[in-house]
Amino acid sequence: MNMRINGFSGMDIDSMVKSLMTVKRVPLDKLNQQKQILDWTRDSYRQLNSKIVQLSNKLQQMDLSAATNTQKSTVSGNTTAVRAEANAEAISVTMSVEVKTLAKKANLQNATELTTGTPSVKASLSTTLVQLDKSGSPPEKYELHINNKSLEFKNTDSLSTVLSRINSEIPTANASYDEISGKLTITSRENGKEIIGTGSNGQPQASSLSAMLGLSANAAEKGEVNITTSSGTRKYETTGDTLLVNGVNLTLLETNVGSPSKVTTQSDPTKAMETIKSFVDTYNELLGLMNTRLSEEKYRDYAPLTAEQKKDMKEDDIKNWEERAKSGLLKNDTILSSAVASMRSVITGNLKVLSEAGITTGQYYEKGKLQIDEVKLKNALDSNPDRILSAFRGPSTDANNPAIFSGLRKELNSTLDMLVKKVGTSKTDTDASMTLKTESSMGEQLKNYNKRISDLDRKMTVWETRYYKQFAAMEKAMSQFQSQSSSLSSYFQ
């Protein structure tokens, strides 16, 4: 409200206008309160949406076999030559792994060290191409054509620049320079693939850079590994540094002829237990939050405070008031009720197997919260892991009784669809402060409130101005009356 100067009638015009405007502002205050309730409701939905996305993302990761793998491989004997990691399908067979030769990737490499100057010294990464050229008449530019890519370098480019451009512009090759040996190597990134001298046009082309540096081709070489079990020995040829045998992924690090590595695989439920416990914690957190929002008491006498009301209140009183005003905004909400029912339905469909694994839904008043008997879970994973894990990650062909991870993701995805349509949330954002889209039913409500509030604000200004004009006219009339009265009084003295 603009500052006004009261007239000379003795009336407090500002106070009178304020009183009149208080009555006029009632519809505007109600609109602002309704908008505030809408904002708070959207915030509650947004918080739940972020929790749902977090659980959905976690379920996607848990649905991978690696997350519930109950097999573990260990390496003994020569532990530096081989690394072993069992997947979920690994079998408990002890293997003796002898790496006779390692596979080598195709490469281009100079036979003699790169040098510069007189007396010559080994080149460094800062050495330029013109310094390496021994022809006596170096060209201004050098070309490199490999694997259907063509690069052009200036003679002032350093080896560092050359390596950087090869690595960034030729996706099938990797270049490096060893300052100790003076060797520059361009290696194929793909196992078993040769480096070919073809340019961007796909045609064979001579490379002036290769000629100047003395690079020559070395073909890819296969590796050889012998694996022995109680059933006998088998020879494997490899094109890379990994080999999958009996469900165990072997990483070949060095040769170990005469000193083989022993790989032992056995059941270990630790990872699967951690995954299941993590799932239960996250599931309980989301279910608990939903149940809390659905059953919160609604205090109908606690409407959002207006700015005028807050002026005469302490900060703690405002906080306590608003806590009650926000309570119960999602009480008996249909979207949350449907989500809770569908989540519990997926669990109930697998309750028999879960019970065997020591996972139960607790007492009725806990509203579906899961509880774990860790000893029973460990024993179940030790004795029959496939039966227990199939309840979590399938396979399941029964649409009415889906596996837990995939079934819950499907139901949560449906809930997210409803929230996106109503609130304008995101199906991928886990941030509870995410920006809400206006293309939603609540977004349209908000736009409507903003328009009505803006229209009423303009009317408030018009009414306030009108009141001040009316009081100004009254002041003027009273002043004229007082002047006339004084003039008439003077005739009777």
Side-chain angles (χ1 to χ4, degrees), residues 29-59 281-307 309-310 313 315-344 365-369 408-409 411-450 452-453:
D29 287 340
K30 286 185 177 179
L31 271 181
N32 278 311
Q33 287 174 323
Q34 290 168 359
K35 179 190 172 185
Q36 181 63 77
I37 290 173
L38 179 67
D39 283 333
W40 284 342
T41 305
R42 292 173 91 207
D43 287 341
S44 292
Y45 275 130
R46 179 163 46 190
Q47 180 193 20
L48 283 164
N49 190 95
S50 70
K51 295 292 185 183
I52 292 172
V53 174
Q54 287 174 28
L55 176 55
S56 181
N57 290 346
K58 181 171 282 192
L59 289 170
D281 289 342
T282 310
Y283 174 88
N284 284 343
E285 181 186 1
L286 176 59
L287 187 69
L289 181 59
M290 287 182 172
N291 282 326
T292 297
R293 292 287 183 266
L294 285 168
S295 59
E296 271 184 335
E297 186 173 352
K298 191 173 183 66
Y299 299 94
R300 300 186 183 279
D301 294 333
Y302 286 78
L305 296 168
T306 64
Q309 290 171 327
K310 289 181 179 179
M313 295 177 67
E315 199 169 309
D316 286 344
D317 292 335
I318 293 173
K319 181 180 177 182
N320 292 333
W321 182 286
E322 290 191 341
E323 282 180 0
R324 293 209 164 190
K326 292 178 181 179
S327 178
L329 293 176
L330 298 181
K331 186 178 180 66
N332 299 324
D333 180 80
T334 55
I335 294 179
L336 296 193
S337 297
S338 175
V340 168
S342 62
M343 288 170 66
R344 295 187 63 177
Y365 54 81
E366 294 180 285
K367 300 179 179 179
K369 181 180 178 181
L408 281 176
R409 283 197 74 218
E411 299 300 337
L412 294 177
N413 190 62
S414 296
T415 301
L416 289 173
D417 284 335
M418 289 187 280
L419 289 175
V420 169
K421 186 175 180 180
K422 181 175 182 177
V423 189
T425 49
S426 166
K427 292 181 68 173
T428 58
D429 198 342
T430 58
D431 188 354
S433 60
M434 71 183 77
T435 302
L436 298 176
K437 301 172 186 175
T438 56
E439 297 81 10
S440 62
S441 58
M442 294 184 83
E444 290 298 325
Q445 283 181 272
L446 183 62
K447 284 193 286 187
N448 181 262
Y449 277 130
N450 286 335
R452 292 168 64 189
I453 288 170

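As the structure is a prediction and not an experimental result, all values here were calculated from the model. Residue indices begin at 1 and follow the sequence shown.
Counting heavy atoms from C-beta on, the side chains of Asp429 and Val53 never come closer than 4.5 Å. Between Ser327 and Tyr302, the closest side-chain pair of non-hydrogen atoms is not below 4.5 Å. Using a 4.5 Å heavy-atom threshold, the side chains of Gln309 and Ile318 count as separate. A heavy-atom distance below 4.5 Å is not found between the side chains of Leu416 and Thr425. Here the side chains of Thr41 and Tyr45 are in contact, with some heavy-atom distance below 4.5 Å. A heavy-atom distance below 4.5 Å is not found between the side chains of Thr415 and Leu48. Between Leu38 and Arg42 there is a side-chain heavy-atom pair separated by less than 4.5 Å. Within the 4.5 Å cutoff, no side-chain heavy atoms of Lys331 are placed close to those of Glu296.
Here CG of Leu412 is found 10.5 Å from CG of Leu419. Values are rounded to the nearest 0.5 Å. For the atom pair Glu322 CD and Lys310 NZ, the distance stands at 4.5 Å (nearest 0.5 Å). Rounding to the nearest 0.5 Å gives a distance of 8.0 Å between CD1 of Ile52 and CE of Met343. Here Ile453 contributes atom CD1 and Leu31 contributes atom CG; the two are 5.5 Å apart, rounded to the nearest 0.5 Å. Rounded to the nearest 0.5 angstrom, Leu55 CG and Glu285 CD are separated by 9.5 Å. Of the inter-residue distances, the one linking Tyr283 atom OH with Leu59 atom CG reads 10.5 Å to the nearest 0.5 angstrom.
Although no hydrogens or angles enter the test, the distance criterion places no donor-acceptor pair under 3.5 Å between the side chain of Asp29 and the main chain of Thr306.
The two atoms that bring Pro304 and Gln33 nearest to each other are O-NE2, 2.7 Å, heavy atoms only. The two residues Ser426 and Asn49 make their nearest non-hydrogen contact at O-ND2, 2.7 Å. Contact between Lys447 and Glu444 at its shortest, heavy atoms only, is NZ-OE2, 3.1 Å. The two residues Ala325 and Trp40 come nearest to each other via the heavy atoms CB-CZ3, 3.6 Å. Closest heavy-atom contact between Ser338 and Met418: OG-CE, 4.4 Å. Scanning all heavy atoms of the two residues, the minimum distance from Ser44 to Leu330 falls at CB-CD1, 3.7 Å.
No hydrogens or angles considered: a donor-acceptor pair under 3.5 Å links the side chains of Gln47 and Arg293.
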Trace of the side-chain contact (heavy atoms from CB on, under 4.5 Å) decision for Leu329 with Lys298 | CA-CA 7 Å; Leu329 293 176; Lys298 191 173 183 66; 4.2 Å; yes
For the pair Asp301 and Arg324, evaluate salt bridge (Lys or Arg N to Asp or Glu O under 4.0 Å) and give the outcome as yes or no after the intermediate values.
-> CA-CA 9 Å; Asp301 294 333; Arg324 293 209 164 190; over 6 Å; no
Arg46 and Asp43: salt bridge (Lys or Arg N to Asp or Glu O under 4.0 Å), yes or no, with the steps?
-> CA-CA 5 Å; Arg46 179 163 46 190; Asp43 287 341; 2.4 Å; yes
Step by step, would you call Lys427 with Val420 a side-chain contact (heavy atoms from CB on, under 4.5 Å)?
-> CA-CA 7 Å; Lys427 292 181 68 173; Val420 169; 3.6 Å; yes
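Considering Leu287, Leu286, Ile335 in turn, Leu287 is the only one that fulfils the side-chain contact (heavy atoms from CB on, under 4.5 Å) rule with Val340.
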